[in-house]
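A quick note: this is a predicted structure, and the numbers were derived from the prediction, not measured.
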There are 2 protein chains.
Amino acid sequence: MATIYDVSVLAGVSLATVSRVINKNGNVSEKTTKKVMEAMDSLGYRPNAIAQSLASNRSNSIGILIPELCGPFFGNLMAGAEKRLRDANKHVIITAGHSNEESEKAGIEFLLSRNCDALILHLDALSDDYLEALCEKGIPLVIINRYIKPLHDRCIYLDNKTGGYLATKELLDLGHRKIAYIAGPHWKEDAKARFEGHTQAPRETGIKLENELVYMGDFKQESGTEGLKTLLNSNHQFTALVCANDEMASGAMAYAREQGMQLPEELSIIGFDNIVYSSYLFPALTTINYPVEEMAKMAAALILKEVYQVKGLKISNEFYPTLIRRHSVLPEKG
Amino acid sequence: MATIYDVSVLAGVSLATVSRVINKNGNVSEKTTKKVMEAMDSLGYRPNAIAQSLASNRSNSIGILIPELCGPFFGNLMAGAEKRLRDANKHVIITAGHSNEESEKAGIEFLLSRNCDALILHLDALSDDYLEALCEKGIPLVIINRYIKPLHDRCIYLDNKTGGYLATKELLDLGHRKIAYIAGPHWKEDAKARFEGHTQAPRETGIKLENELVYMGDFKQESGTEGLKTLLNSNHQFTALVCANDEMASGAMAYAREQGMQLPEELSIIGFDNIVYSSYLFPALTTINYPVEEMAKMAAALILKEVYQVKGLKISNEFYPTLIRRHSVLPEKG
DNA sequence: TTGTAGGCGTTATCAG
DNA sequence: CTGATAACGCCTACAA
């Protein structure tokens, strides 16, 4: 691989001059620039980003840490951030945190060791304290889907509680009184908030929901299946089911079908996230929209603004869930 | 951030010695090792991967280029490779090629400029020639889902043609004679091969399929919807539909539902890929299994073997599709 | 406008 | 077993 040195020799100029034309800083005469350019592509020269990064302490790359690399939710998160950043000529380095503390820590270390200029983090396990410490070290970071008070301007988050509220409220408004719930793991903040919203809705209007009608899932499809199975076997009647995310909802729907239930006639189901294929389920899933791609773009914008001093960017930290009505919910006919 | 120099001072040894204990090469006395270790964690020292990479010309990171960061297929591809590599203490750097030549080239350049030790590529647009040239430059790479003869031992590919054959064969065996097809874009090799398999099946048994019953999609859900709509309006009857991937199949199913069709009674549908949610569709989708995660792991293994000299790894380059029977296909009752 | 030289944090090759 | 010291490829004052 040709180096900047080879270029300088071939162009008959100094290292410094070549560096200047690469970075388009400093003043270089048109003639010299041309010479250098020609030398560069006659050699097929490509700057070594590693060396640039070491010398300049800038890598033009942003680290992204997410729990898993697959799945529709995180897919959109990655895609949103990558798109926005690519447009600004920055690159992303992505790694998985696998929802456990050690792994999340290792992921952050890895990203930092790669000289990332900033981090976008979707964490499940790491403590607020750790993140605050990170911030204090001067590491620019943006936290997605989590609200940490002292770091509020570095958080891009959704009002999960309101989302949970909206879902259950919709069912209540349609006359449902026996509503089951398949939850996400309560040690995840978003799952907890969604559940709180779920309990708030009936409380407001003096309605009581049965505690037995709650199943603890893990946000994966299988646990939706498992959840509905358990609920159905519990001898508690219910006419509607709220799932803490769409994946569990689709798992539950598949199980309902398997049991020969008519949907939505025999059971109204509502999800959360509005992942891409929720509208392709049958019946199309009524759900709560989680604008994750927008949020990821916003995270990217925040970094562009703070770290790279891009002007004219408006930042909003809080995003709001909305109800998407489709065909998986029917009024209670009782 | 503490450097190796700080550590050496605090431990009262030389740079070289510290480097030795970091890399566990060279012989260092137990006593010295201990001193250095203590100095390292009292300083919270973490090696700067960038500097290591520059000095050693090894980055322990593997570049992955895929068309899109989201979507179930590529999600599994990433996840498979990342898992296998992480187990071997290597890291991945992921970037998107967006299915166009320029972008794919830029992606590769980016990965190379980050000093990746090897590349895993899923390309759509880049020519064989370009890849061969890359190989000749001595850049270790693995190509997924594409067969390039001169590079055959660096390719991990699926027999897409057989897959296409299996799908249509299944329908023929069940008595279907009017079979529509929603294709992927023919400039993508896999799409082309699948279609060839589709046409081979009837030819074998002297059956003729109508050419009009083919719609050109783009592998996205919407084009499945659009495709079925077009097909239905074409005034050509058909009792079964083959889709070149599951996403288009789900789009088609949603449209069929919308039109009030009974599935699978009024139309048998078969997909390709066996993406994670195909079993959650209703009816659960009969499809062709594409072991993408396995293949990605194999790609990783190939790199571990060739680049990092890991012993005892068995490599297979070709993978085979299998028919997954679920509930979206019924025998033709004509 | 251009060139010189020191430095970024490591690794690796020598001697000792 | 340990320590100097020259790379690695580039950036960036500072000089000229």
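- Distance, B:Tyr5 OH to C:dT11 P: 17 Å, rounded to whole Å.
- Considering only side-chain atoms of B:Asn27, the nucleotide from D:dA4, C:dT2, D:dC1 that sits closest is D:dC1.
- Considering only side-chain N and O atoms, A:Ser14 lies under 4.0 angstrom from the phosphate OP1 or OP2 of C:dG3.
- Here A:Val18 lies out of heavy-atom contact (under 4.0 Å) with every strand.
- Dashed line: the shortest gap from a side-chain N or O of A:Thr17 to OP1 or OP2 of C:dG3 is under 4.0 Å.
- For the contact set between residues 37-58 of chain B and DNA chain D, defined by any heavy atom under 4.0 Å, the members are B:Leu54, B:Ala55.
- Not a single donor-acceptor pair under 3.5 Å links the side chain of A:Glu82 to the backbone N or O of B:Thr95.
- Residues A:Ile303 and A:Asp117 form no side-chain contact, since every pair of their non-hydrogen atoms from C-beta on lies 4.5 Å or further apart.
- Panel note: side chain A:Thr3, backbone A:Tyr5; a donor-acceptor pair is recorded below 3.5 Å.
- Between the CG atom of B:Asn115 and the P atom of C:dT10 there is a distance of 16 Å, given to the nearest Å.
- With hydrogens and angles disregarded, no donor-acceptor distance shorter than 3.5 Å links the side chain of B:Asp41 to the backbone of B:Gly44.
- Put simply, CZ on B:Arg20 is 11 Å from P on C:dT13, counting in whole angstrom units.
- Between B:Thr32 and the phosphate of D:dC1, there is no side-chain N or O to OP1/OP2 separation shorter than 4.0 Å.
- For the pair B:Arg46 and A:Leu112, the minimum side-chain heavy-atom distance is below 4.5 Å.
- Out of D:dC11, D:dT5, C:dG3, the shortest distance to the side chain of A:Ser19 is found at D:dC11.
- Under the 4.5 Å side-chain criterion, counting only non-hydrogen atoms from C-beta, B:Leu85 is not in contact with B:His91.
- Rounded to a whole Å, the CG atom of A:Asn23 is 16 Å from the C1' atom of C:dT2.
- For A:Ser29, counting side-chain heavy atoms from C-beta on, the closest listed nucleotide (C:dT2, D:dT12, C:dA12) is C:dT2.
- To the nearest angstrom, P of D:dA15 lies 20 Å from CG of A:Leu15.
- Closest to the B:Val28 side chain, of the nucleotides C:dT11, C:dG3, D:dT2, is D:dT2.
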- Query: Given A:Phe73 and A:Tyr290, is the ring-ring contact (aromatic ring centres under 6.0 Å, His included) satisfied, shown in steps?
  - Reply: CA-CA 9 Å; A:Phe73 185 83; A:Tyr290 191 128; 4.9 Å; yes
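- Note on the helix from C:dT1-D:dA16 to C:dG16-D:dC1: angle between the axes of the first and last five pairs equals 40°, rounded to 10 degrees.
- Geometrically, B:Lys188 does not engage B:Phe219 in a cation-pi contact, judged by NZ or CZ lying under 6.0 Å from the ring centre and within 45° of the ring axis.
- A straight line from NZ of B:Lys34 to C1' of D:dT2 spans 20 Å, rounded to a whole angstrom.
- Atom pair B:Asn60:CG and C:dT10:C1' shows a separation of 14 Å (rounding to whole Å applied).
- Here the two rings, on A:His122 and A:Phe74, have centers that are under 6.0 Å apart.
- One interatomic measurement links the two molecules: NZ of B:Lys24 to C1' of D:dC1, which rounds to 18 Å at whole-angstrom precision.
- Taking the side chain as every heavy atom from C-beta outward, B:Ile148 and B:Arg146 approach each other to under 4.5 Å.
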